[in-house]
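A, B, ... follow the sequence lines: proteins, then strands. Residue 1 opens every chain.
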Number of protein chains: 2
Amino acid sequence: MMDVARLAGVSHQTVSRVLNEHPNVSEPTRLKVRAAIAELGYRPNRTARALVTGTSKVIGVVAPNTALYGPASMLTAFEQAAQDSGFAVNVGSVRSLNERSIADAVERHLDQRVAGLVVIAPVASAGPALARLPEDIPLVTIDGDPERASTLVTVDQVAGARAATEHLLAAGHSTVWHISGPADWFDAAGRVRGWQEALQDAGAEQPPLLTGDWSAESGYRNGKLLARLDEVTAIFTANDHIALGLLRALSEHGRRVPEEISIVGFDDVPQAAYYSPPLTTVRPDFDAVATASVELLLAQIESGAPDLTARRTIAPTLVSRDSVAPPPSR
Amino acid sequence: MMDVARLAGVSHQTVSRVLNEHPNVSEPTRLKVRAAIAELGYRPNRTARALVTGTSKVIGVVAPNTALYGPASMLTAFEQAAQDSGFAVNVGSVRSLNERSIADAVERHLDQRVAGLVVIAPVASAGPALARLPEDIPLVTIDGDPERASTLVTVDQVAGARAATEHLLAAGHSTVWHISGPADWFDAAGRVRGWQEALQDAGAEQPPLLTGDWSAESGYRNGKLLARLDEVTAIFTANDHIALGLLRALSEHGRRVPEEISIVGFDDVPQAAYYSPPLTTVRPDFDAVATASVELLLAQIESGAPDLTARRTIAPTLVSRDSVAPPPSR
DNA sequence: CGACATGGTGGGACCGCTCCCGCGACGGCG
DNA sequence: CGCCGTCGCGGGAGCGGTCCCACCATGTCG
């Protein structure tokens, strides 16, 4: 920086001003400095800046270390959105979302003087750790506890599940079964609720809830059971992978989809259109979640204070394919 | 740090020594300092350290911004491995792997004074940028150009493809068709080569190569064509998603798998066991790739010099399920 | 016409840490 | 017994920036 100052014939201070686009620099000197910077190929040291300002253009992300389609898509979408706003992303992935590991990850980020924090915390066990976070750092929770988290961005699970259930009901089915995700995931809980509400509103009987764990295996396992129940004509699964396992189980039992049984999934994984049959499903808009998160976080960073009230809920859309049909007439 | 020093009754320098585990500190003072640190809840400022040492405990990762199963799994596995070695991970994802965006991402990382760089660069277009990288920074390329990259960790695509092809040949098929990934991906190229080599070694005739793009859609498209060709009895696809699309196309045409046509995929996505039929596929060990990368990178960081010769190739394993059977006798 | 605001610039101090050097105490050796 | 090497520790400089303050030249106003 001193070199640049010397070459431009100004003080280091003026160079700093040019770098930070301070108004009080005359045009001629600004140009001289710019020229010197270009000639020397000078790049400011972000570390030094971070030291003196006490903050940096880095966002820390705490995310579960999983390749599950939802979280993974969320993460890449967020990375991109953050970068587009000029922020680097520091990922602290956590093997399990318990209080300790989250707290550890947060502390690691704080040591690095991140400007803000994003926690992708879809499970209830993350709650206590989040409650105990430092108050004075910008924080956005993605997919967190709707009851608790302060600044929260989330997919509207309830609305998505409602849409799925109502779609099946509208096709003529008297009721809809549901294979859920793991009970401690908010996503799963929201989808269960949307399903229940839709059933209630339609005055349909509510079948027992079957529990899965997002995996195709759990869909298969539950499918083995459902396949033997003649009265089952419509099933809504908590995600597409469960639906895949379910499809497999049904086909093994000779039950045809959608002629005998209709199915709706959730997530719209890129492969869903090539299941047999192509799967009708609910598509959450991960990009919208990501941009909303960045937006909210940046607002906090600029204002300097965490905003405890801001919320953003992204409505998913139903993607209709071939796995839904009217129930068989008997 | 000064506060700690005061409380412990030593100089800031001694505190620094304790922190860095310098040998020349007596046990009593070490304990005093430790106690003071604990009492004050002091956490060293990594930014300040980075400024003076010129490096940090952060690894920069340049990765394509995709949710594709391979790259995404690689990334999360790497994050975990790096963290286990005490390094934070800065992800600079790139929309497209062209020279400019890679160079930009690298510069962003360099500005942050990362200790080392990992580039996940599975496509040929990344080549020029990699060649122009600064020489003096520890660098590991994952899935890069086998011909060029210096320190390279990669899945042995050729061996995996060989195994898949040989498995089909061993089942009695006279030859094996292949739907490849995009031509500019090294992964795809390696799989094509393994397939060709296996065919040659077995003295089997080599059918024309069909090109896909990793997507189920491309598998479906090619499948529409293959389904009409009576002589096709065995197909090896470049990944599982292509296989899924292929399965769908074949079933639409009434061709049965594995009775009429056998299929082997690549990647072993978690859902592969629930395709119809469960898919025989090749499983790359992403964790092994990740640990090897971290190992190689750390070795460079410690030695201070890039190692231009180190390479690591991870052998994949064949996972046998139900999509392979002997060819139909005519 | 003098006082005072205003814009452009420079000179330090300082952020929190590590590194270099220097100093006293102690012990082994000739 | 004196010399020197080693150990344990402290003082100060400096990493590369930003921030506060002081300075000087203008322009503006009563």
Side-chain angles (χ1 to χ4, degrees), chain A residues 1-37 40-58 86 88 107-115 301-302 304, chain B residues 1-37 40-58 86 88 107-115 301-302 304:
Chain A
M1 179 159 160
M2 286 305 198
D3 298 343
V4 174
R6 243 190 308 278
L7 182 60
V10 298
S11 77
H12 65 127
Q13 167 63 320
T14 302
V15 177
S16 171
R17 270 193 273 257
V18 172
L19 252 30
N20 296 302
E21 279 160 7
H22 253 66
N24 291 1
V25 181
S26 71
E27 202 52 32
T29 49
R30 187 193 311 281
L31 290 175
K32 266 191 304 183
V33 173
R34 285 260 157 74
I37 288 176
L40 265 45
Y42 163 82
R43 317 212 79 214
N45 183 332
R46 290 176 185 273
T47 309
R49 165 180 297 185
L51 176 59
V52 58
T53 60
T55 184
S56 61
K57 280 254 186 186
V58 176
E107 291 215 319
R108 282 200 303 269
H109 281 139
L110 261 27
D111 284 354
Q112 310 263 3
R113 297 299 185 275
V114 295
I301 291 174
E302 272 154 32
Chain B
M1 180 159 159
M2 286 305 199
D3 298 343
V4 173
R6 241 189 311 276
L7 183 59
V10 298
S11 75
H12 66 124
Q13 167 62 318
T14 302
V15 176
S16 170
R17 272 193 272 255
V18 172
L19 252 30
N20 296 302
E21 280 160 5
H22 253 67
N24 291 0
V25 181
S26 72
E27 202 52 31
T29 50
R30 186 191 311 279
L31 291 175
K32 267 193 300 183
V33 173
R34 286 259 156 76
I37 289 175
L40 265 45
Y42 164 82
R43 318 212 78 215
N45 183 331
R46 289 176 185 271
T47 310
R49 164 181 294 181
L51 175 59
V52 55
T53 60
T55 183
S56 61
K57 279 254 183 184
V58 176
E107 291 215 321
R108 283 200 304 268
H109 281 140
L110 261 28
D111 284 356
Q112 309 264 3
R113 299 297 186 274
V114 295
I301 291 175
E302 272 155 33

Atom pair distance, as rounded to whole Å: [atom1] in [X] and [atom2] in [N]:
X     : N      : atom1 : atom2 : answer
A:R6  : D:dG16 : CZ    : P     : 12 Å
A:N24 : C:dG8  : CG    : P     : 5 Å
A:D3  : D:dC15 : CG    : P     : 11 Å
A:H22 : C:dG7  : NE2   : P     : 13 Å
A:E21 : C:dG8  : CD    : P     : 15 Å

Once base and sugar-phosphate atoms are separated, protein heavy atoms under 4.0 Å mark nucleotides 10-17 of chain C, 5' to 3', with B, S and - as BBB--BBS
The test is side-chain contact (heavy atoms from CB on, under 4.5 Å); show your working for B:L19 and B:Y42 and say whether it passes.
CA-CA 11 Å; B:L19 252 30; B:Y42 164 82; 3.8 Å; yes
Bend angle of the helix from C:dC1-D:dG30 to C:dG30-D:dC1 from five-pair axes at both ends, rounded to 10°?
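So the angle between the two local helix axes works out to 50°.
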What residues form a side chain to side chain donor-acceptor pair (under 3.5 Å) with A:R17, not counting sequence neighbours?
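In terms of side chain to side chain donor-acceptor pair (under 3.5 Å), with neighbours along the sequence ignored, A:R17 is linked to no residue.
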What is the minimum heavy-atom distance between A:L51 and B:A48, and which atoms define it?
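Taking A:L51 first and B:A48 second, the nearest heavy atoms are CD1-CB, 3.5 Å.
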What heavy-atom pair brings B:N45 and A:D111 nearest, and what distance separates the two atoms?
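So the minimum-distance heavy-atom pair works out to OD1-O, 4.4 Å.
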Tell me, with the steps shown, if B:T29 and B:V18 meet side-chain contact (heavy atoms from CB on, under 4.5 Å).
CA-CA 9 Å; B:T29 50; B:V18 172; over 6 Å; no
So does A:S26 get a side-chain nitrogen or oxygen closer than 4.0 Å to the phosphate oxygens (OP1/OP2) of C:dT9?
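Yes, A:S26 has a side-chain N/O under 4.0 Å of OP1/OP2 on C:dT9.
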Check ion pair A:D3-A:R6 (N to O, under 4.0 angstrom)
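Yes.
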Donor-acceptor pair, A:N20 side chain versus A:H22 backbone, under 3.5 Å?
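Between the backbone of A:H22 and the side chain of A:N20 there is no qualifying donor-acceptor contact (under 3.5 Å).
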Any donor-acceptor N/O pair, B:S56 side chain to B:A50 backbone, under 3.5 Å
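Side chain of B:S56 to backbone of B:A50, a donor-acceptor pair under 3.5 Å: no, none is there.
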With heavy atoms under 4.0 Å as the rule, sort A:T29 into base, sugar-phosphate or nothing.
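The residue A:T29 makes sugar-phosphate contact but no base contact.
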